[in-house]
Structures are given as C-alpha cells and as structure tokens.
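To keep things clear, I will list the structure first and then write my remarks on it.
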Amino acid sequence: MKKKVIVIGGGIAGMESSAHLAALGYEVTLLEKSDKLGGHLLNWEKLFPTMRMGKDVVTFLNEGIEKGKVHVVCNANITSAIQKNNQFSVFLENNTTYLADAILVTTGYDLFDARRKEEYGYGIYNNVITSAELEGIFLNGFQIVTAEGNAPKRIGIVHCVGSRDEKTGNTYCSKVCCVTAVKQSIEIKERLPDAEVYCFYMDMRMFGMHFEALYREAQEKWGVNFIRGRLSEACENIDGSVLVKVEDTLAGKPLKMSVDLLVLMVGIEPSAGTKQVGKMLNLQFGVNRFFKTADQHTLTNVSNVKGVFFAGTCTGPKTITNTITDARAAASTIANYLSGHEIDDRIMASDIQLVALW
Amino acid sequence: MVDFGYKIAKDRQIDFDKNDRSIAQYVRKHEPTFNLCISCGTCAATCTARQFTDFSLRKYILLLRRGENKEVIENIHKCMLCGKCQLVCPMGVNTRGVIYRIMEMCI
Ligand code: SF4
Ligand code: SF4
Ligand code: SF4
C-alpha cells in the first residue's frame, strides 16, 4: 500500500513539496486553510531579480500538483492531530479525518504589521503605505498616486521595517526586502520617470544571484538614490507630504527630507498558522519564533517530533528560489524517513552537540 | 562682541528640501557613472591628496548628492587628476570624469 503524507499549508513550499512527494510515489494530501493554493505569491506581480511574472511560477506549481494527482483540500481548518505508532491522524473542523505516515509543515510567514512601528506613521498618515500595498497597485494596474490624488514627485522607501529591530521583537533579517526595495524602485521609475526615489537602508543585502546586478541597474539606468541610515521618525507636513528624519551615516550628519509617498518594506514573521500548527503538534520554536530545526546545517527539514518535517519560510525568511529548493529537500528527507533511512541517525550517532540557538 | 559665555550653534542638519543639488544634477547628466558610487571609499584610500589633506572623493560625491556643496567647492581643486582612484573603483565610476565635471561647476 502507498504510504501517506499530509502537507499542511498550500503556499510555494507546500505545493512544490507535494508535487515531489507525489512523484516519489506517496499518496499526498495538501491541506490549505484559505480557498486557494499559492499563498503570498498570488499577491505579487513581478518577481526579483528577473522581473518575471509571479503568476508564471504559480502555473508551474499548479502543474506539479495536477500531474502528481495531489489530493488538495482547501478551506481546511485543522482542529487537532494525534500520533500513535508512527501514524498520524489529523482532524478537520468539518469532521473529516486524514491519516498519514508523515507530516510536512509548510505554514509559512505573515507580513509584519507596520502599525507596530508607529514612529513611521503607518495607519496614521495617509501617505505612508507598505511594500505589499505598492505591489497591489502594480498587480491591479492602478496608478501610483498620493492620498490627495497627485502623482508623487519624491518617494521614500524604508528598509528593515519590522526586521533587525529589538523594539519590534524581530531581531533577524527578513532577507527579501532589500532586493524588493530595489525591484519596486525600478518599477516606480518605469511608471514615474520624473519622480525621485530615495531608499533608506542600514546595509544593502544583495546576497542572491543577480541581486547586485539589479542594484546596479537601479542606480545606473534609473537613478535611484540610496541613503545609509535608519529613519528615526516620520511626521506629516501641512500639505500631507511626509517629513522623514534620518542620520545620513555616510555624510555624518542628520538629514531631513519631505517625500510625497513613504513606502515601508515590511518584514517576514512566523505566520499565525505556524504558531497554531506548532502548538498542536508539539513542535519546538527557536528564539526568532520560527520553527527550530534539528540542526541548522544538516537537518534543516527535520523537527523535534519523529515523522514531522518542515519546508519553506516556517523555519525562517527565504526567497522563492530558496523555498522551492527547500521544498524539494524536504520531500527527499521524508522519502528517506519513510523508507527507513533516517538521516538524523547519522548525526545522532556521533557526539555532535546540536546547537540550540535557532 | 560681548562674550555672554554661550553662543548659538549652526544647524548641522542637512535640509534636503532647501539644499541646492544643481551641481550633482549637472554631473549626473554629463557623467552618469556618478550614480554608481556606493561610498565604499576605495578611491579615498588610494588617493595621495587624501593622504595629506582632508580631500576625499567618496565624501564629496556624497555631499554633492545631498546638496552640501560648500566643502566640495572649497576643496575639489586639491585633486591632481592622477587617476589612481579610477584604477581601484569597484563600481566603474569614471572618477576623473566626475571630478572634471565638478570642477566645471566650481569655477
Ligand atoms: S533584507 Fe534588507 S531590508 Fe530586509 S531585513 Fe534584511 S537588511 Fe533589512
Ligand atoms: S585623481 Fe584626484 S581623487 Fe583620484 S586619486 Fe588622483 S588626486 Fe585622488
Ligand atoms: S571607489 Fe568608486 S564607488 Fe567607491 S567611493 Fe570611490 S567613487 Fe565611490
């Protein structure tokens, strides 16, 4: 009989790992709490660094699901789960029960609620928006306008909002927002060539392949400006524009500037679903509140509960590229486990102390 | 002037809305590699003028971008146009070209 795997969360990681698990010959059930698959990717128009359409990737992922005949359950609200003799039973609100030999958790992230960084005025000043809202403007083909209905002449972009910040409790880097800022700056300049764009950053973390090239293009071709310094505050001018204050750390002087629109690059946080499913399955969380993997280098898809595995951003911020790679790695890890080759035996057998930090 | 034992300090804040950024705009237009500077400081590290004076191309490019022109105007002539900076710049900024254009605006 085919062994069964339940995948919890139908975003990128859940979709790609389901497709691979199905290809490996398992009977896969994918549980998604919303009414469709795709997760955050559905809200994104173009993807860094190549500017290809997000919906192309959704199509690719959907094809994997169809080819693999993955059993997809949307609007799935999990109420509880029990484990008995290496068998799991997962119960849904609508009284259906699913059985599995392994569970893969792909519950992903939520975006940081910018209201929590109140000194930047999101939800208070009309001309402060988030990166996700700007993306929505692109996705829906809307015009970029200020709250007063004018085309903005100067736009400020703030990096690290809700990331790398003890005040918000999120001390880690969200990884994707620097390059998103560069991507969105270019997209603004494509639409508003005469507007000035200023990015306020602490470090430009252009770690991925082609990110540096995109950063260069933003400067060379589009004249996007980068000011090193973290905003201390934003306040509203009488005309509705937003006055930002920052230490220009390269000039060694404080700087003030009015912008017509301020865009906050909101970071990545463990999702509500990650917290809920984690509690239900007794999974361990790390200091950053993402799931703690059994080892940071070698067992990145393995949880503290035998038979439960992780993929994607539920263990920490990842790009789409890295999420897809991680999803496939998780499928392969589960295949190892289900055929009796437990990869954690290798490391458990030696005397390596598992580092408990993350 | 009577010494009252205190004085009024000049505002050090860069007032971006009021500052004159015309020199930067001129350089940007005629030497687009001006945009590429990431303030890494390699140019300043190799510069002989930098070794003996306060002259710093890294700093001056940045100050012009902010419209803080005074220090640049007062110092840009210290450059000997030797071109060492151009050999080391990791971003491919045409540093001598940038300096020429700045000088054009400063006479
Ligand atoms: S990727 Fe950039 S903007 Fe995002 S948290 Fe890291 S340093 Fe900050
Ligand atoms: S060209 Fe000018 S700035 Fe460059 S190294 Fe020579 S003296 Fe210094
Ligand atoms: S070496 Fe090039 S990039 Fe670095 S500060 Fe000098 S001009 Fe700018």
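Quantities reported herein were computed from a predicted structural model and do not represent experimental measurements. A note on names: the letters A, B, ... follow the listed sequences, proteins ahead of strands, and every chain is numbered from 1.
Across all their heavy atoms, B:Asn35 and A:Gly223 have their closest contact at ND2-CA, 3.8 Å. Across A:Pro254 and B:Arg12, no two heavy atoms sit closer than the pair CD-NH1, 4.0 Å. Closest non-hydrogen pair, A:Gln219 versus B:Cys37, comes out as OE1-O, 4.0 Å.
Contact annotation: the side chain of A:Leu255 approaches that of B:Arg66 to within less than 4.5 Å [non-hydrogen atoms, C-beta and beyond]. Using a 4.5 Å cut-off on side-chain heavy atoms (C-beta onward), B:Pro32 and A:Glu220 make no contact.
Listed in order of number, the residues of residues 45-53 of chain B that approach chain A to under 4.5 Å between heavy atoms amount to none. Close approach to chain A, defined as a heavy atom under 4.5 Å from one of its heavy atoms, is seen in B:Gln13, B:Ile14, B:Asp15, B:Phe16, B:Asp17, B:Arg21 of residues 13-24 of chain B, taken by number. Interface with chain A: from residues 77-104 of chain B, residues B:Met91 qualify, criterion being any non-hydrogen pair under 4.5 Å.
Within 6.0 Å of NZ on B:Lys59 lie no more than 12 heavy atoms contributed by other residues, nucleotides or ligands. Dense packing is recorded around NZ of A:Lys46, with more than 12 heavy atoms of other residues, nucleotides or ligands lying under 6.0 Å away.
Ranked by heavy-atom pairs under 4.5 Å with chain A, the list B:Ile38, B:Thr33, B:Leu63 is led by B:Ile38. Interface check for chain B: of the options A:Ala251, A:Ser258, A:Gly252, the most heavy-atom pairs under 4.5 Å are formed by A:Ser258. Most heavy-atom pairs under 4.5 Å with chain B: of the set A:Tyr198, A:Tyr215, A:Phe226, this distinction falls to A:Tyr198. For chain B, the option among A:Arg154, A:Lys245, A:Glu247 with the highest count of heavy-atom pairs below 4.5 Å is A:Arg154.
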Kindly list each side-chain donor-acceptor pair under 3.5 angstrom involving residues 201-214 of chain A, sequence neighbours excluded, with atom names and distances?
residue: A:Asp203; atom: OD2; partner: A:Arg164; partner atom: NH1; Å: 3.1
residue: A:Asp203; atom: OD2; partner: A:Arg164; partner atom: NH2; Å: 2.6

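Contacts between A:Glu196 and chain B at a heavy-atom distance below 4.5 Å involve the side chain alone, from C-beta outward. Only the side chain of B:Leu62 has a heavy atom closer than 4.5 Å to any heavy atom of chain A. For B:Arg58, the part lying under 4.5 angstrom from a heavy atom of chain A is the side chain only.
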